[in-house]
Enquirer: 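Input: one structure, supplied below.
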Amino acid sequence: MTHDDTAPVYGSAVTKVEPFGVDHIPDNERHGKPSSQFFVWFAAGLNFPIILLGFSAVGLGLSFGAAVAAIVAGAGLGSLLMAVMSRMGVRLGVPQQIQARGPLGFFGNFLPVAYINVFAGVGWAAVTVILGGKAIAELTHLPFWICGLALTLVELVVSIYGYNMINFLQRVLTYVLTPLFVMITVVALVRGAGTFDADPKAADYVGSTGGWITFGGWFLSFLVAWAPFASDYSRYLPDSPNVVKRTAWYTGLGNFVTICWLGILGVLLGSNATSTDSITALHQLTGPFAIPALIAIGLSALAQNFLNVYGGAISVQTLKVPVTRTQAVTLICALAYGISLWGHSGIEDKFSVFLNLTAYFIAPFATVLLLDYHLGGRSDPRRIAELYDRGRVLSWGFVAWVGGVLASVPFWQSDLYTGAFASAYPHAGDLSMFVAAGASAVLYLLTYRLRPLWTRDTPATAEPRQEKTAAVAGS
């Protein structure tokens, strides 16, 4: 691909297929305003999985006040993490998945990206197709497989067009979804949703402290799961101190407002639910307003899944799989749709298991990236070329990540596996994420000044090379 170095080949064109994948975004392609990050994340947060999390407060036996406090704490920490990581995209002009090559090594990055980003991208896309598809099925009485397929096809087309199209539609969806979710909130309050007291006899009660930590941790986990994708949507912004600062504020605010709003709405809905199925409960509670409520849930699936599919496709390319971005998007959509057909029944239980398993692995990953950026000198754009250097095979950040994951295993609380500490002290709540982050931080601080674990000689390159598999779709 040859072009005038001073003229953008992509720029701000919405209807042009994005020609970049995991490439470094050059200065002449930088465009947009920091406020775009508010719309990207606000729209993504206007999504039923957050309401679904709030739905669980009653089962944990929390009081309404304790549940709200836990949501605010979890959302606050998670929004701060997202704000900081979105700054990294502006500064370096590469996706978070590529940034991880710095502390972990070019090939050391493969395992965490394969699990965290590809697995999480596919998994979250499937969860959202399930919830959106069920809402549309409830509304239209069509089979779930048709509703889920319709959502998947829209997500596929938009994700192929890429960055500019996603930014444009997230702004549109913000304006469309906000009044719909305001309506759901008002109707829920008028029709009986309300506050409640603590209930030690609740099915999943583990004590007031443990329940509070676990419940707040779920909302933190939701944003931790987004962290590996934060730079994907800020890397085209112009690199200047003012843009970097404002990007962080807009990202943090967009996440915090929607997580708190819909999380608390979920708590209110759960207090008066007569069905264990969250979509059915929403339908019953909204009564004559069920049609716009279900439309909101169906559309909100798109707002979240544009990011899941796009980020998952970038992750596939980070693994050096020889596919175009179009092929990677198609693969992610096909896998997510297939999983949705298998998992659309009993989604509430599957969702909590999936949320935990992703957070346990992502928390130490995000910790290593943050420390490397702020302490390891990765914020220096002159070091971007290192991210594309195959000679840096394995670095100590990989050890820090693995160590963090392993240290957290005794604290895991999941239907798939419960660790020894969690079994012995259930009233402590789910501490896994915090242990994983702390252990990886200690290991990183002990090793980050050491030489890489494994290097090899490769042909020298002065600049990050264009990765041909990330070229224009269909190339």
Side-chain angles (χ1 to χ4, degrees), residues 39 41-59 64 67-68 71 75 127-144 146-148 150-151 154-155 169-196 219 222 254-306 340 344-348 351:
F39 294 101
W41 297 111
F42 187 87
L46 288 175
N47 207 281
F48 199 70
I50 302 172
I51 298 178
L52 186 61
L53 289 181
F55 217 69
S56 306
V58 172
F64 176 77
V68 170
I71 291 171
V127 166
T128 308
V129 166
I130 290 170
L131 294 172
K134 289 179 71 173
I136 296 174
E138 184 95 3
L139 178 65
T140 63
H141 305 293
L142 290 171
F144 170 81
I146 293 178
C147 301
L151 285 175
V154 174
E155 295 156 8
L169 289 178
Q170 292 295 87
R171 181 183 291 266
V172 171
L173 285 169
T174 295
Y175 294 132
V176 172
L177 290 172
T178 298
L180 290 174
F181 276 97
V182 168
M183 181 217 67
I184 292 173
T185 304
V186 173
V187 171
L189 292 173
V190 171
R191 288 179 60 84
T195 60
F196 47 87
F219 288 88
F222 189 90
N255 282 289
F256 183 75
V257 171
T258 47
I259 297 297
C260 288
W261 172 16
L262 296 193
I264 294 170
L265 175 58
V267 173
L268 292 168
L269 287 172
S271 69
N272 198 43
T274 58
S275 172
T276 57
D277 184 284
S278 49
I279 296 292
T280 301
L282 177 68
H283 194 169
Q284 293 171 348
L285 187 61
T286 51
F289 296 93
I291 290 178
L294 292 170
I295 290 173
I297 303 307
L299 288 176
S300 69
L302 297 175
Q304 189 176 63
N305 262 5
F306 292 155
S340 74
H344 71 275
S345 61
I347 179 61
E348 288 77 9
F351 178 49

Enquirer: Are any of the side-chain heavy atoms of T178 and T174 separated by less than 4.5 Å?
Expert: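 With C-beta onward as the side chain, the pair touches.
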
Enquirer: Would I264 and F64 count as a side-chain contact (heavy atoms from CB on, under 4.5 Å) if you check the C-alpha gap in whole Å, the side-chain angles of each, and the deciding distance to 0.1 Å?
Expert: CA-CA 9 Å; I264 294 170; F64 176 77; 4.2 Å; yes

Enquirer: Any side-chain heavy-atom pair from L173 and L46 closer than 4.5 angstrom?
Expert: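 Side-chain contact under 4.5 Å: no.
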
Enquirer: Minimum heavy-atom separation for A296 and L180, please, with both atom names.
Expert: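 The answer is CB-CB, 3.7 Å.
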
Enquirer: Give a yes or no answer on whether the side chain of Q170 reaches the backbone of W41 with a donor-acceptor pair at less than 3.5 Å.
Expert: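 No; judged by distance alone, with no hydrogens or angles, the pair does not exist.
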
Enquirer: I'd like to check F289 versus V190 (side-chain heavy atoms, cut-off strictly below 4.5 Å). Are they in contact?
Expert: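 SC-SC contact between F289 and V190 ruled out.
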
Enquirer: Of the non-hydrogen atoms in C147 and I136, which two are nearest, and what is the gap between them?
Expert: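 For C147 and I136, the tightest heavy-atom pair comes out as SG-CG2, 3.6 Å.
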
Enquirer: With a 4.5 Å cut-off on side-chain heavy atoms, are V176 and L299 touching?
Expert: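 A side-chain contact under 4.5 Å exists here.
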
Enquirer: Do L262 and L265 come close enough that some side-chain heavy atom pair is under 4.5 Å?
Expert: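 Side-chain contact under 4.5 Å: yes.
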
Enquirer: In terms of relative ring orientation, are F42 and W261 parallel, tilted or perpendicular, with 30° and 60° separating the classes?
Expert: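 Correct class here is tilted.
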
Enquirer: With side-chain contact (heavy atoms from CB on, under 4.5 Å) as the test, would you mind laying out the steps for V68 and V267 before giving the verdict?
Expert: CA-CA 8 Å; V68 170; V267 173; 5.5 Å; no

Enquirer: Evaluate the criterion side-chain contact (heavy atoms from CB on, under 4.5 Å) for residue pair V129 and E155; output intermediate values, then yes/no.
Expert: CA-CA 10 Å; V129 166; E155 295 156 8; 3.8 Å; yes

Enquirer: Between CD1 of I51 and OG of S300, what distance do you get to the nearest 0.5 Å?
Expert: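 It is 7.5 Å, given to the nearest 0.5 Å.
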
Enquirer: Is any side-chain heavy atom of E138 closer than 4.5 Å to one of I297?
Expert: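 With C-beta onward as the side chain, the pair stays apart.
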
Enquirer: Taking all atoms of both residues into account, what is the closest heavy-atom pair of L151 and G298, and its distance?
Expert: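 Nearest heavy atoms, L151 then G298: CD2-O, 3.7 Å.
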
